[in-house]
Amino acid sequence: MIPSVLPTYARAPLNFVKGEGSWLIEADGRRFLDLGSGIAVNVLGHAHPDLVEALTSQANNLWHVSNLYEIPQQQALADKLVDKSFADTVFFTNSGTEACELAVKMARKYWYDKGQKNRVEIITYEGSFHGRSSAGIAAAGSEKMTKGFGPLLPGFVHLPWGDIEATNAAITENTAAVLVEPVQGEGGIRPMPDADMKALREICDEAGILLILDEVQCGVGRTGRLFAHEWAGITPDIMMVAKGIGGGFPLGAVLATEEAASGMTAGTHGSTYGGNPLGCAVGNAVMTHVADDEFLAGVNARAGLLRQKLESLVASHPDVFEEVRGTGLMLGLRCKASVPCGDVVKAGYDAQVITVPAADNVVRLLPALNLTEEDIAEALTRLETAAVSLQKQPA
Ligand SMILES: *Cc1c(COP(=O)(O)O)cnc(C)c1O
């Protein structure tokens with residue numbers, strides 16, 4: 001019999017009932033160190049007092065009004081994002097994949113309004129993830145996500161991950177944009193080198209096409225800068241954000257330059273809930289913390305410490321791990337071919353530490369950006385326990 005919850009997830013038998021900072025408390029009372037953050041969502045940990053205050057005080061005043069009216073919390077958050085990024089304008093969504101929908105529509109409308117109606121193609125890369133909407137799965141293109149779901153939204157050109165030469169060669173008079181994650185998340189924590197990000201920007205400039213960055217997972221402080229592309233010293237034309245921006249409240253956004261957004265006039269797009277007062281009240285509180293140089297310096301310091309400890313974990317467990325990869329607090333432990341990453345995640349559950357599997361046999365570590373040094377020490381103790389339990393037993 002089908003479960004009452006549609007079984008599209010293979011769930012672990014864990015029932016978390018409370019969260020405190022980097023810790024999750026199971027119904028049976030066990031405390032788990034959370035290095036997954038609901039997949040890069042809870043950037044300030046669980047139940048941060050400022051976020052609780054922002055949400056509850058907004059809840060006491062006004063939950064929802066339509067985008068037919070002014071929403072001051074939305075205006076304030078848009079102003080903050082514009083102030084802190086390349087963008088001139090912002091549209092709010094409830095999720096990452098909705099941000100992808102708009103990014104695709106925006107790029108196509110841009111060219112349509114320029115009289116180049118043929119320019120509808122968007123170049124994307126193998127291993128990418130842009131969510132589970134029809135545009136999102138067509139953009140990513142993997143068989144795992146698209147098989148069985150009928151005709152896909154046309155117009156996506158899929159290239160090998162990070163292949164700059166192939167990108168150059170693939171651009172035609174039908175190309176509207178390039179869409180890429182600066183650091184692939186689901187694809188196995190694969191950062192695009194800064195030099196390649198720069199090259200992509202140059203290629204797009206030369207061809208006069210748009211660069212769309214999907215920073216749904218790598219944005220909002222995750223890499224130690226507010227947005228990951230800042231490391232490469234480039235800016236996109238359009239950027240997708242979600243996950244961390246809501247700190248645990250469903251919120252996403254598309255940020256764009258005035259030029260790239262020029263086709264999106266009144267009536268061309270919309271969302272009932274997108275940018276609602278509750279989500280934006282929390283988003284403002286998240287930004288107040290994360291969009292701060294001192295906070296980001298702290299992220300880099302914690303990232304350096306965690307990475308150093310993970311390098312020694314990998315060195316002392318060569319039977320289990322192959323390498324540490326990633327950037328900032330978006331880190332991956334690539335497992336030996338003989339050790340499925342899912343086994344490491346499960347062994348972590350036994351050691352009461354939460355990690356997230358990804359493609360390419362990688363275990364993802366996406367901790368709260370404000371985890372403490374004690375949390376980092378505890379992380380290593382628990383990952384060590386998990387690794388020892390998986391080590392090849394001497395014959
Ligand atoms: C999670 C994710 C998405 C989809 O976000 P949802 O909120 O699940 O729709 C899109 N792109 C990237 C890079 C992601 O990590």
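Excluded from the calculations below are hydrogen atoms, water molecules and symmetry mates; all remaining heavy atoms, backbone and side chain alike, are included. Read the numbers this way: they start at 1 and go in the same order the structure lists the ligands and their atoms.
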Check: Do E181 and Y125 pass the side-chain hydrogen bond (donor to acceptor under 3.5 Å, both in side chains) test, and can you show the C-alpha distance, the side-chain angles, and the key distance before you say yes or no?
Finding: CA-CA 9 Å; E181 293 160 81; Y125 297 93; over 6 Å; no

Check: Do the numbers put R108 on top of the ring of F156, so that NZ or CZ is under 6.0 Å from the six-membered ring centre and no more than 45° off the axis?
Finding: yes

Notebook entry, point to check: Are R334 and D360 within salt-bridge range, i.e. N to O under 4.0 Å?
Noted result: yes

Margin query: Heavy-atom contacts with ligand 1 below 4.0 Å: which residues, ordered by chain and residue number?
Written below: S95, G96, T97, F129, H130, G131, E181, D214, V216, Q217, K243

Next item on the list: Verify the distance criterion only: is there a donor paired with an acceptor across the side chains of W23 and D375 at less than 3.5 Å?
Entry: yes

Next item on the list: Flag yes if I245 and L366 sit in one hydrophobic cluster, no otherwise; membership is Ile, Leu, Val, Met, Phe, Trp, Tyr, and two members link when side-chain heavy atoms are under 4.5 Å apart.
Entry: no

Next item on the list: Any side chain to side chain donor-acceptor pair (under 3.5 Å) involving residues 139-149? Give me the pairs, sequence neighbours left out, ordered by first then second residue.
Entry: none

